[in-house]
Amino acid sequence: MGYFLVFWSLFSYGVLGICHKLAERKHCRPQPLSAVLMLGGFLGMNIFVLLGAGYAIPTKALYTALICGTIALCALWAFQEGIKHGKIATSWLIINLSAAIPTVGSILIYKEAVNFKKLGILGLIVVAIVLVWLDRLEDLKQMDREKALLVSVATAPGGRQEKG
Amino acid sequence: MWLLLMLVAFFFNGCGVFGLRILAGMGLSDTHVNQYLLYFYLGGFLFMAVMLLLQKLTPSLKEIGIGMLMALCSLSGTAALAYALGNYQIPGNIAFPISNGGSLFVVIIGGVLLFRERLGLYGLCGCVLGTLAIVLLSVS
């Protein structure tokens, strides 16, 4: 059952990523979409909180939650705007790689130990981002080539019928 | 434009998630994570609600439907992972890599089959290295 739940989690997060692209294809506006997602999350979490220990939380944790929720909302908004211009696979990769930020934050703020493994992982993340950026540049070059081909076909001597 | 927006999303998402680390630093992650997430979602919603009110925008039925589905997926995934870790004692160094790393494969397959997206060699290598980084980060 435990492993079923792990794979259910994998599937849920995957469907979430697909829904982001689906929303873009259906011309959903990023701002209202983000608001609804956050509202849905808030409503759903009420169930867990009601079944648990209640709504009380220390003030510092409350302000941290409110501020971090706002920051995460901005991320969601930027992400939804961004996938209009790129592929969901590479976009989803970048958003998942943002786990590097808490890692760096933990090292800088909480003085967690730096080791070669963490440095290696951060290096891998940088390389992965560069590679998906190069993938995007290749896509743009391909689009330019296709556009140039269309233009050359349209302007070729036999490419247009001119009415006399 | 895509890279700029993705880097903004990368940075802000990372900072948003860092709040859980701050919660752990306060010694509250075992007792108050549900309440934290409740107010986390509330904070995001309130900010965007104000922006929508100022612009006089309201969500369409399509946006409400897809947005709620996304919220359900997000909560479902998080809850399933939490139960797997807590109630069924699945080790974190197994659960997190499968959940986080594996979801990327679902998205890639979805992108190819549903949206006819194709990854070039650079994109493929980027996804492989990125998945490796995610898995290693989850394990550590």
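Heavy atoms only: backbone and side chains are in, while hydrogens, waters and symmetry mates are out. A, B, ... follow the sequence lines: proteins, then strands. Residue 1 opens every chain.
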A.B. asks: Non-hydrogen atoms of chain A under 4.5 Å away: do they reach the side chain of L52(B), the backbone, both or neither?
C.D. replies: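 Contact with chain A involves the side chain of L52(B) alone.
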A.B. asks: Given heavy-atom pairs under 4.5 angstrom as the criterion, report whether the side chain, backbone, both or neither of R136(A) touches chain B.
C.D. replies: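 Only the side chain of R136(A) comes within 4.5 Å of chain B.
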A.B. asks: Identify which of V107(B), N34(B), V106(B), L129(B) forms the greatest number of heavy-atom pairs closer than 4.5 Å to chain A.
C.D. replies: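 The option with the most such pairs is V107(B).
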A.B. asks: Who among L124(A), D139(A), L39(A) has the most heavy-atom pairs with chain B under 4.5 Å?
C.D. replies: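 Going by pairs under 4.5 Å, I would pick L39(A).
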A.B. asks: If you look at every heavy atom in Q35(B) and G54(A), which pair is closest and at what distance?
C.D. replies: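 Closest heavy-atom pair between Q35(B) and G54(A): NE2-O, 2.8 Å.
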A.B. asks: At a heavy-atom separation under 4.5 Å, does K60(A) approach chain B through its side chain, its backbone, both, or neither?
C.D. replies: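 Both parts, backbone and side chain.
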A.B. asks: When heavy-atom pairs shorter than 4.5 Å are enumerated against chain B, which of E81(A), H27(A), M1(A) gives the highest number?
C.D. replies: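 Ranked by heavy-atom pairs under 4.5 Å with chain B, first place is M1(A).
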A.B. asks: Would E63(B) and K26(A) pass as an ion pair if we require N to O under 4.0 Å?
C.D. replies: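 The answer is no: the pair does not qualify as a salt bridge.
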A.B. asks: Quick check for you: among S12(A), P32(A), G105(A), A65(A), which has the greatest number of heavy-atom pairs under 4.5 Å with chain B?
C.D. replies: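 Among S12(A), P32(A), G105(A), A65(A), the one with the most close pairs to chain B is A65(A).
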A.B. asks: Report which part of Y41(B) has an atom under 4.5 Å of a heavy atom belonging to chain A: side chain, backbone, both, or neither.
C.D. replies: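 The answer is both parts of Y41(B).
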A.B. asks: What closest approach, in Å, do C15(B) and I71(A) show between heavy atoms, and which atom pair accounts for it?
C.D. replies: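 Residues C15(B) and I71(A), closest heavy atoms: CB-CG2, 3.9 Å.
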A.B. asks: Counting heavy-atom pairs closer than 4.5 Å to chain A, which one of G25(B), G110(B), G111(B), G102(B) comes out on top?
C.D. replies: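 Option with the top pair count is G102(B).
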A.B. asks: Side chains of C73(B) and F11(A): does their closest heavy-atom pair fall under 4.5 Å?
C.D. replies: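 Counting from C-beta outward, C73(B) and F11(A) never come under 4.5 Å.
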A.B. asks: What part of E138(A) lies closer than 4.5 angstrom to a heavy atom of chain B: side chain, backbone, both or neither?
C.D. replies: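 For E138(A), side-chain heavy atoms alone lie under 4.5 Å from chain B.
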A.B. asks: Less than 3.5 Å apart, any donor N or O on the side chain of T90(A) or W133(A) sitting next to an acceptor on the other?
C.D. replies: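 No - no donor-acceptor pair under 3.5 Å links their side chains.
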A.B. asks: Using non-hydrogen atoms and a 4.5 Å limit, figure out which bit of L22(A) sits close to chain B: side chain, backbone, both or neither.
C.D. replies: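 Both backbone and side chain.
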A.B. asks: Has R21(B) got its NZ or CZ under 6.0 Å from the middle of the six-membered ring of Y110(A), at an angle within 45 degrees of the ring axis?
C.D. replies: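 R21(B) over Y110(A) ring: yes.
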A.B. asks: I'd like to verify something: which residue of F11(B), Y36(B), F47(B), Y83(B) has the highest number of heavy-atom pairs under 4.5 Å with chain A?
C.D. replies: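 The option with the most such pairs is Y36(B).
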A.B. asks: Using heavy-atom distances under 4.5 Å, tell me whether L104(B) contacts chain A through its side chain, its backbone, both, or neither.
C.D. replies: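 Both backbone and side chain.
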A.B. asks: Considering only heavy atoms, which portion of M26(B) lies under 4.5 Å from any heavy atom of chain A: side chain, backbone, both, or neither?
C.D. replies: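 M26(B) touches chain A through side-chain heavy atoms alone.
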A.B. asks: Please look at I67(A) and chain B and tell me whether the side chain, the backbone, both or neither of the residue comes under 4.5 angstrom of a heavy atom of that chain.
C.D. replies: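 No part of it gets close to chain B.
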A.B. asks: Can you name the nearest heavy-atom pair linking E24(A) to Q80(A), along with the distance?
C.D. replies: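 In this case the closest contact between E24(A) and Q80(A) is N-NE2, 3.7 Å.
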A.B. asks: Report the option among L97(A), V15(A), V127(A) that has the most heavy-atom pairs separated by less than 4.5 Å from atoms of chain B.
C.D. replies: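 Most heavy-atom pairs under 4.5 Å with chain B: L97(A).
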A.B. asks: Examine I95(A) and V130(A) and state if one hydrophobic cluster contains both, with Ile, Leu, Val, Met, Phe, Trp and Tyr joined whenever side-chain heavy atoms are less than 4.5 Å apart.
C.D. replies: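 Linked, I95(A) and V130(A) end up in one cluster.
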A.B. asks: Given the options G19(B), A79(B), S76(B), which has more heavy-atom pairs under 4.5 Å with chain A than any of the others?
C.D. replies: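 Answer, by heavy-atom pair count under 4.5 Å with chain A: S76(B).
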A.B. asks: Given heavy-atom pairs under 4.5 angstrom as the criterion, report whether the side chain, backbone, both or neither of L28(B) touches chain A.
C.D. replies: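 Looking at L28(B), just its side chain touches chain A.
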A.B. asks: Given that the side chain runs from C-beta out, which part of E117(B) has a heavy atom under 4.5 Å from chain A: side chain, backbone, both or neither?
C.D. replies: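 For E117(B), side-chain heavy atoms alone lie under 4.5 Å from chain A.
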A.B. asks: Where does T70(A) contact chain B at under 4.5 Å (heavy atoms): side chain, backbone, both or neither?
C.D. replies: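 Answer is both: backbone and side chain atoms of T70(A) are under 4.5 Å from chain B.
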A.B. asks: Under the criterion side-chain hydrogen bond (donor to acceptor under 3.5 Å, both in side chains), I'd like the reasoning laid out for T78(B) against Y13(A): C-alpha separation, chi angles, the key distance, then a yes or no.
C.D. replies: CA-CA 9 Å; T78(B) 306; Y13(A) 288 141; 3.1 Å; yes
A.B. asks: Looking at G43(B), G44(B), G16(B), which has the largest count of heavy-atom pairs under 4.5 Å with chain A?
C.D. replies: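 Going by pairs under 4.5 Å, I would pick G44(B).
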A.B. asks: Using heavy-atom distances under 4.5 Å, tell me whether L3(B) contacts chain A through its side chain, its backbone, both, or neither.
C.D. replies: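 Side chain of L3(B) only, per the 4.5 Å heavy-atom cut-off to chain A.
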A.B. asks: Give the minimum heavy-atom separation between C28(A) and L33(A), together with the two atoms involved.
C.D. replies: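 Closest approach of C28(A) to L33(A), heavy atoms only: CB-CD1, 4.4 Å.
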A.B. asks: Relative to chain A, which segment of M51(B) carries a heavy atom at a distance below 4.5 Å: side chain, backbone, both, or neither?
C.D. replies: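 Side chain only.
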A.B. asks: Of all the heavy-atom pairs spanning I121(A) and A133(B), show the shortest one and how long it is.
C.D. replies: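 Reported closest heavy-atom pair: CG2-O, 3.8 Å.
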A.B. asks: Distance alone, cut at 3.5 Å: any donor-acceptor contact between the side chains of Y55(A) and N46(A)?
C.D. replies: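 Side chains of Y55(A) and N46(A): pair found under 3.5 Å.
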A.B. asks: Highest number of heavy-atom pairs under 4.5 Å with chain A: which of T31(B), I108(B), L42(B), L114(B)?
C.D. replies: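 Most heavy-atom pairs under 4.5 Å with chain A: L42(B).
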A.B. asks: Is the closest side-chain heavy-atom distance between V36(A) and I66(B) below 4.5 Å?
C.D. replies: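 Of all side-chain heavy-atom pairs linking I66(B) with V36(A), none is under 4.5 Å.
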A.B. asks: Identify which part of F4(A) has an atom lying under 4.5 Å from any heavy atom of chain B, answering side chain, backbone, both or neither.
C.D. replies: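 Answer is neither: F4(A) stays 4.5 Å or more from chain B.
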A.B. asks: For the residue pair I88(A) and I18(A), establish whether any side-chain heavy-atom pair is separated by less than 4.5 Å.
C.D. replies: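 Of all side-chain heavy-atom pairs linking I18(A) with I88(A), none is under 4.5 Å.
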A.B. asks: What pair of heavy atoms forms the shortest contact from M70(B) to C19(A), and how long is it?
C.D. replies: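 Taking every non-hydrogen atom into account, CG-CB, 3.4 Å.
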